[in-house]
Amino acid sequence: MFRLALHWQILIGMVVGAAVGTGLNVFAGTATIVISEGLPAGLSRVEIVDTTDGTTFRVVDSDEASRSFVVGHVAVEDASAEVFPSFKELTVREPSIAAIYASQGKTAAHLWGDRFQRLGGLFLRLLKMVAVPLIVTSLASGVLGLGGTASLGRMFSRTLGYYLATSMLAIITGLIFVNLVRPGLGANTMPHAAAANHVAADGLGEVLFSQVEAMIPENPFAALVEPNFLSIIAFTIAFSIFAMLAGGEIAAAVRKGAETGFAVMMAMTTAIIRLAPVGVLFLMASVTATQGLAVFRSLAFYMLAVALALAFHAVVTLPTIVWVFARRSPLAFARAMSPALLTAFSSASSNGTLPLTLSCVEHRAGIRNRTGSFVLPLGATINMDGTALYEAVAVLFIAQLHFGEMLPLSQQIVVAITALLASVGAAGIPHAGLVMMAIILQAVGLPAESQGIILAVDRILDMMRTSVNVWSDSCGCAVIDALEEA
Ligand code: ASP
């Protein structure tokens with residue numbers, strides 16, 4: 001039976017969701033609702049003007065005296081009106097008014113937007129559900145795939161050095177571009193969090209030291225339950241290395257266990273990703289129904305920031321490294337790798353592309369088999385320049401939308417470090433980067449739900465970043481092979 005490829009399905013889900021949401025937004029996005037019955041004692045009338053940009057309340061008591069509140073970004077006509085940055089704030093300070101709004105004061109666009117959000121939220125829950133076991137098994141099987149002799153140790157350190165250096169370069173590129181383009185500022189479509197909600201910007205030393213502390217979980221099982229991803233990643237790497245050092249049957253058994261678990265988790269994640277078209281449809285419908293349209297203008301800039309930064313890394317940074325360290329023509333090398341790069345683009349999966357990458361490296365680029373078979377499988381699991389860059393740009397974009405300003409430098413460093421570790425932990429499958437982004441959002445105090453905004457455009461960005469992931473693995477092969485020869 002003919003079956004549409006997943007990325008087309010997702011695209012269709014996105015367009016349908018956007019159409020439904022936009023329809024609601026345009027035709028049912030603004031309403032004036034006057035409630036005069038069933039109000040708490042002392043109130044005679046509540047007038048609500050609900051729009052997609054914000055909501056105005058006028059509460060009239062029995063003496064005809066009135067108070068006004070504004071939530072969101074609408075022009076405040078009444079100078080005495082109290083302005084709340086978000087509905088959360090309204091719920092805390094004016095619970096009875098918030099309850100009236102929730103039950104009777106919403107436009108159809110807001111009402112359906114909320115319902116769609118909950119339905120799409122089921123898809124996000126599924127992604128969160130697989131995150132922890134997926135990270136643990138993917139990472140352990142990647143590290144244990146290394147084997148364990150002395151010559152392997154040298155290749156290991158070189159490979160890790162390359163991965164670390166290029167991933168950091170990618171993240172720095174992403175940070176520079178997102179600071180230049182500032183895609184999330186000027187959108188003004190999301191209520192900005194109150195200043196009190198802003199993450200306290202700790203000193204840099206404090207921030208770095210707490211990252212080191214997180215890498216030494218007092219109780220790894222508690223870290224799994226919490227979940228604290230940084231602790232989980234650090235412990236899994238340590239566990240795998242020591243299993244490798246124990247060697248023999250122990251290493252083999254742990255490796256087998258990790259690979260078995262990984263295969264199952266991968267199958268589960270792949271199944272969940274099949275639901276992406278529906279999930280994206282609901283989330284897209286929710287966003288378009290409840291947000292002013294300015295957010296899409298700013299998504300265009302967000303996509304541009306990601307695309308430009310990825311292009312810079314793929315076309316300038318990595319080719320320079322190949323040229324300097326591997327003494328190869330980057331252009332000829334890219335041509336040799338093109339089947340793998342194009343497959344990576346259309347499949348959005350480093351793991352899926354791996355057999356092709358291996359064969360291109362060996363048969364088309366003339367790199368020794370032992371280099372490729374060591375560098376590439378590990379790279380597909382832990383070296384993800386494109387993902388690391390993307391995570392940094394996406395989280396800073398969300399932070400710009402959420403806080404209405406750039407994150408301070410110390411927080412950007414937290415983003416850089418967590419993005420590096422998140423990219424190490426991400427599996428080489430479509431949308432894995434989304435699962436991992438929760439770590440970084442959590443690290444800078446942003447709600448995981450804020451991801452909803454970027455989900456709609458994730459597929460195309462996933463295709464781009466996956467090609468960069470595979471391109472970086474391939475360049476790593478060329479560099480390590482040249483170094484081994486020297
Ligand atoms: N899809 C990417 C990969 O396979 C991972 C990600 O979602 O960033 O390399």
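Remember, predicted model here, so these are calculated numbers, not experimental data. Counting starts at 1 for both ligands and their atoms, in listed order.
- Residue Ala443 comes nearest to Gln411 through the heavy atom pair O-OE1, 4.4 Å, listed as atom of the first residue, atom of the second, then distance.
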**Report entry** salt bridge (Lys or Arg N to Asp or Glu O under 4.0 Å) between Arg328 and Asp481, worked out
**Finding:** CA-CA 11 Å; Arg328 268 177 187 266; Asp481 202 53; 5.3 Å; no

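- Using a 4.0 Å cut-off between heavy atoms, Ser350 contacts ligand 1 through both its backbone and its side chain.
- With ligand atoms numbered from 1 in the order given, ligand 1 contributes 1 (N), 4 (O) to contacts under 4.0 Å with heavy atoms of Ala348.
- Shortest non-hydrogen contact noted between Leu169 and Thr173 is O-OG1, 2.7 Å.
- Residue, atom and distance of the protein heavy atom nearest to atom 7 (O) of ligand 1 are Gly433 N, 2.6 Å.
- The shortest heavy-atom contact between Gly433 and Thr387 is CA-CG2, 4.1 Å.
- A donor-acceptor pair under 3.5 Å is absent between the side-chain atoms of Tyr163 and the main chain of Asn383, judged by distance alone.
- Contact of the Phe333 side chain with the Trp471 side chain is registered, since non-hydrogen atoms from C-beta on lie closer than 4.5 Å.
- The closest donor-acceptor contact from the side chain of Ser231 to the backbone of Ala214 lies under 3.5 Å.
- At a heavy-atom cutoff of 4.0 Å, ligand 1 is contacted by the backbone of His431 but not by its side chain.
- Looking from atom 1 (N) of ligand 1 to the surrounding protein, the closest heavy atom is Asp462 OD1, 2.7 Å.
- Residue contact check: Ala432 has heavy atoms under 4.0 Å from atoms 6 (C), 7 (O) of ligand 1.
- Of all the heavy atoms of Pro430, the ones lying under 4.0 Å from any atom of ligand 1 belong exclusively to the backbone.
- Between Gly174 and Ala309 the shortest heavy-atom distance is CA-CB, 4.0 Å.
- Looking at atom 2 (C) of ligand 1, its nearest protein heavy atom turns out to be Thr466 OG1, 3.2 Å.
- Less than 4.0 angstrom separates some heavy atom of Ile429 from each of these atoms of ligand 1: 1 (N), 2 (C), 4 (O), 5 (C), 7 (O).
- Of all the atoms in ligand 1, the ones that sit under 4.0 Å from a non-hydrogen atom of Thr387 are 5 (C), 6 (C), 8 (O).
- Residue-level proximity to ligand 1 for Leu434 is absent, since no heavy atom of it falls below 4.0 angstrom.
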